[in-house]
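Below, chains carry the letters A, B, ... as their sequence lines are ordered, and counting in each starts from 1.
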2 protein chains.
Amino acid sequence: MDRRRRKTRNAIFEAFIALLDRHSYGQITVGQIIERADVGRATFYAHFETKEELLKALCRELFAHIFEAAEGEETAHSYLFDCQAPDSVFLHLFQHLQKDDNRILTLLSCRNNDLFLGYFKEELRELIKSREAQFSGRKDPRLPDAFWLDHIAATFTETLRWWLENGRKEPPETITEYFYLAV
Amino acid sequence: MDRRRRKTRNAIFEAFIALLDRHSYGQITVGQIIERADVGRATFYAHFETKEELLKALCRELFAHIFEAAEGEETAHSYLFDCQAPDSVFLHLFQHLQKDDNRILTLLSCRNNDLFLGYFKEELRELIKSREAQFSGRKDPRLPDAFWLDHIAATFTETLRWWLENGRKEPPETITEYFYLAV
DNA sequence: TCTATAGCATACAAAATGTTCGGAAACAAC
DNA sequence: GTTGTTTCCGAACATTTTGTATGCTATAGA
């Protein structure tokens with residue numbers, strides 16, 4: 001990708017993130033974004049058709065990193081859903097999030113929470129689905145597989161939400177333990 | 001409240017609900033709403049300052065009914081969180097929702113799901129909070145109260161979401177059992 | 001150095017927002 | 001029924017936002 005294109009794309013993302021931190025998604029206008037990004041109006045529309053598309057692209061970009069990392073860890077013989085395993089994928093997700101090396105924590109903690117946690121859950125569901133066997137042992141036989149799958153993704157996402165909205169006081173190990181105790 | 005005022009207020013709600021069923025919240029315009037409600041532009045703004053306010057008012061109105069009913073059942077010696085109890089509040093919530101006497105099921109099943117399930121969870125959390133003692137017995141002592149409280153509300157809400165998004169095939173008794181098995 | 005591409009400023013049409021006004025109809029209270 | 005109040009309407013209006021078009025400049029990458 002052309003360096004110029006990369007740069008403006010990034011400028012738009014940054015401006016969008018900064019605005020999401022202060023205003024609700026619905027109130028943010030393209031005008032505000034391009035002003036903050038210091039980018040021409042036509043340029044914006046050359047990159048993204050609408051504000052919604054911008055949001056989607058941002059989500060894809062951010063979550064790709066997180067879940068790529070989670071995928072990678074699988075090869076290093078980690079366990080997706082073993083309470084005892086000290087290096088479960090869930091723990092790693094919390095650890096990775098806590099580092100806040102990219103701006104994902106900003107977005108997951110901002111007033112527009114729901115927008116991103118929704119995407120997060122979808123991605124997580126796919127991740128869990130691809131390793132269904134690893135955690136079916138924990139399931140009560142009376143529960144349908146589809147329900148159980150969704151339940152794990154939902155519980156993790158809601159645990160994450162709780163952690164974020166309560167100031168992230170607990171270390172990753174503790175909040176992961178809460179998750180395991182709850183699910 | 002003046003009858004005229006009641007009528008237009010309702011017409012606006014109905015139009016809004018019908019539109020939410022077909023379009024995403026962000027795309028719905030005040031113009032569409034007033035056209036469908038057959039109401040003057042100035043009239044709309046006399047009732048609601050913004051589209052957001054309309055949404056909030058709608059949520060308040062609808063959920064008030066549901067949770068009022070749930071509150072009432074308490075007096076009839078039901079149990080909030082007893083697996084065995086055949087008349088737990090949770091079962092009653094599912095039963096009440098299945099009847100679909102008001103338009104709440106339409107809204108909870110539409111593409112704008114998240115908007116309403118978020119409000120639902122908030123309301124439910126308050127309900128559970130007010131009866132904290134009734135279900136603390138089920139809690140693992142290592143979990144903080146605040147986490148547990150949130151977890152129950154979240155799990156019920158996500159169970160409800162799953163039920164809705166999978167066509168509500170299970171009878172209230174079954175889906176309530178799933179909830180109890182999961183939480 | 002050359003060429004394709006990205007960006008800029010500006011201008012513009014179209015749509016949506018939010019406000020104002022005077023007159024008509026419905027209401028409530030007497 | 002009369003009266004005073006409230007609500008609605010229609011229409012007009014200013015403002016904001018959206019999305020597109022254009023001609024020119026700067027830069028990337030070969």
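Evaluation of the salt bridge (charged side-chain N to carboxylate O under 4.0 Å, His left out) test over residues 173-183 of chain A, restricted to residues two or more places apart or in two chains, returns E177(A)-R142(B). Identified under the salt bridge (charged side-chain N to carboxylate O under 4.0 Å, His left out) test for residues 9-27 of chain A, with sequence neighbours left out: R9(A)-E61(A), E14(A)-R103(A). Here ring pair (Phe, Tyr, Trp, His ring centres under 6.0 Å) pairs that include residues 18-39 of chain A, with residues two or more places apart or in two chains, number zero.
Among residues two or more places apart in sequence or in another chain, the salt bridge (charged side-chain N to carboxylate O under 4.0 Å, His left out) test is passed with R3(B) by none. With sequence neighbours left out, the ring pair (Phe, Tyr, Trp, His ring centres under 6.0 Å) criterion links F116(A) to no other residue. By the salt bridge (charged side-chain N to carboxylate O under 4.0 Å, His left out) test, E52(B) pairs with no residue at all, sequence neighbours left out.
Checked by atom type and distance alone, the side chain of K51(A) never pairs as donor or acceptor with a backbone atom of L55(A) at under 3.5 Å.
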Show me the donor-acceptor pairs within less than 3.5 Å that the side chains of residues 151-159 of chain A make with the rest of the protein, sequence neighbours left out.
residue	atom	partner	partner atom	Å
H151(A)	ND1	T155(A)	OG1	3.4
H151(A)	NE2	A182(B)	O	3.4
T155(A)	OG1	H151(A)	O	2.8
T157(A)	OG1	A153(A)	O	2.7
E158(A)	OE1	R161(A)	NE	3.1
E158(A)	OE1	K121(B)	NZ	2.8
E158(A)	OE2	R161(A)	NH2	3.3
T159(A)	OG1	T155(A)	O	2.7

Contacts table for residues 28-43 of chain B: side-chain donor-acceptor under 3.5 angstrom, sequence neighbours left out:
residue	atom	partner	partner atom	Å
T29(B)	OG1	G31(B)	N	3.4
T29(B)	OG1	Q32(B)	N	3.1
Q32(B)	OE1	T29(B)	N	2.9

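Residues Y180(B) and S88(B) have side chains that bring a donor and an acceptor to within less than 3.5 angstrom of each other.
Nearest nucleotide to the R4(B) side chain, out of dT6(D), dT20(D), dA28(D): dT6(D).
Listed here is the closest heavy atom pair of L107(A) and C110(A): O-SG, 3.2 Å.
Contacts between residues 5-15 of chain A and DNA chain C, defined by a heavy-atom separation below 4.0 Å, involve R5(A), T8(A), listed by number. Within residues 33-44 of chain A, the residues approached by DNA chain C to less than 4.0 Å at the level of any non-hydrogen atom are D38(A), V39(A), G40(A), A42(A), T43(A), in residue-number order.
Computed from coordinates, the K51(A) NZ to dT16(D) C1' distance equals 14 Å when rounded to whole Å. Straight-line distance from the CG atom of D2(A) to the P atom of dA30(D): 10 Å, rounded to whole Å. In this structure, the CD atom of E52(A) is 14 Å from the C1' atom of dT18(D), given to the nearest Å.
In this structure, the helix from dT1(C)-dA30(D) to dC30(C)-dG1(D) shows an angle of 50° between the axis at its start and the axis at its end, each fitted on 5 base pairs and rounded to 10°.
The aromatic rings of Y178(A) and F147(B) are tilted relative to each other, their planes meeting at an angle between 30° and 60°.
E126(A) CD: more than 12 foreign heavy atoms inside a 6.0 Å radius.
Using a 4.0 Å cutoff to heavy atoms of chain A, the contacted part of DNA chain C runs 5' to 3' from dT5(C) to dA9(C).
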